[in-house]
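Along the sequence shown, the residues carry numbers beginning at 1. In each ligand, atom 1 is the first atom listed, and ligand 1 is the first ligand listed.
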Amino acid sequence: MIDLKDIKKSYFVGDRELQILKGIDLKISRGEFVVLMGVSGSGKTTLMNIVGLLDKQTEGRYTFENIDVGGLNDETLADMRNRYIGFVFQQFFLLPYLDAIENVLIPVVYSKKGIKHPREKAKGLLAKFGLEHRVHNKPAQLSGGEQQRVAIARALVNDPELILADEPTGALDSKTGGEIMHLFKMLNNEGKTIIVVTHDPKLATFGKRLVRIEDGAISEDITT
Ligand SMILES: Nc1ncnc2c1ncn2[C@@H]1O[C@H](COP(=O)(O)OP(=O)(O)OP(=O)(O)O)[C@@H](O)[C@H]1O
Ligand SMILES: [Mg+2]
């Protein structure tokens with residue numbers, strides 16, 4: 001599904017070139033559950049943004065679903081994201097003026113997949129995550145863990161193959177964080193490919209594979 005070959009990423013700050021990713025080789029197959037760890041600034045988000053087709057590498061080749069995505073234009077990339085990838089973030093990014101079910105339905109608006117009965121689907125996802133009584137709550141009327149579950153339902157509503165979660169438990173206490181990781185495990189058991197960034201070694205044990213990144217390079221890659 002994912003094949004990164006010698007991926008490098010650098011930024012220019014003034015006239016200085018900062019190399020952030022220093023040659024990443026990584027293959028991830030359908031059905032894997034990968035936990036990505038590394039200290040702050042090591043390049044995790046930079047890598048996740050490339051994997052998620054939100055950003056482009058400066059060098060190297062990225063093949064996603066057998067397509068070399070390096071040459072694709074923004075519109076095609078947006079289509080591929082919508083089709084294949086669900087995103088979950090530390091800060092949830094729910095729209096405050098929409099209730100839970102309306103938030104879950106946002107990606108359907110942009111979808112070309114023709115999701116059938118989207119409202120029932122959204123409701124079903126919220127119920128699956130224990131939120132049947134919160135369907136009409138606005139984000140401010142939900143706890144952090146509940147907001148993140150709404151965000152995960154939103155990531156799933158278009159039936160993506162791949163879930164990318166960048167520190168999804170970073171804003172939650174450790175118990176709630178464990179519940180969220182449990183949910184990812186359940187989704188992985190149902191066949192979803194999952195990549196989660198976390199700082200918490202306890203939460204890392206939920207994955208099936210641990211990839212550690214140090215100063216822009218992979219320093220460890222173990223199947224657990
Ligand atoms: N647009 C940018 N321009 C310049 N430097 C950047 C840019 N984006 C990120 N960086 C730098 O790249 C490095 C890696 O950033 P990245 O966000 O990938 O780290 P991270 O591993 O996700 O860290 P954290 O755990 O704090 O989220 C950092 O030193 C950061 O300052
Ligand atoms: Mg980050």
Novice: Mind jotting down which residue pairs meet the side-chain hydrogen bond (donor to acceptor under 3.5 Å, both in side chains) criterion with at least one end in residues 17-37? Sequence neighbours excluded, please.
Specialist: S10-E17, K22-D215, R30-E65, R30-E161, E32-R209
Novice: Do other residues, nucleotides or ligands put more than 12 heavy atoms under 6.0 Å from K208 NZ?
Specialist: yes
Novice: Identify every side-chain donor-acceptor pair in residues 91-111 under 3.5 Å, counting partners at least two apart or on other chains, and give the distances.
Specialist:
from	atom 1	to	atom 2	distance (Å)
D99	OD1	I101	N	3.4
D99	OD1	E102	N	3.0
D99	OD2	H136	ND1	3.0
E102	OE1	D99	N	3.0
N103	OD1	L95	N	2.7
N103	ND2	L95	O	3.1
N103	ND2	L98	O	3.1
N103	ND2	D99	O	3.2
S111	OG	K113	N	3.0

Novice: Taking both backbone and side-chain atoms into account, decide whether M48 has an N/O/S atom under 2.8 Å from the Mg ion (ligand 2).
Specialist: no
Novice: Does anything in residues 178-200 form a salt bridge (charged side-chain N to carboxylate O under 4.0 Å, His left out)? List the pairs, not counting sequence neighbours.
Specialist: K128-E190, K175-E179
Novice: Hydrogens and angles aside, do D173 and T176 bring a side-chain donor and acceptor to less than 3.5 Å of each other?
Specialist: yes
Novice: More than 12 non-hydrogen atoms from neighbouring residues, nucleotides or ligands closer than 6.0 Å to NZ on K5, yes or no?
Specialist: no
Novice: Which protein residues have a heavy atom under 4.0 Å from ligand 1?
Specialist: Y11, V13, I20, V39, S40, G41, S42, G43, K44, T45, T46, E167, H199
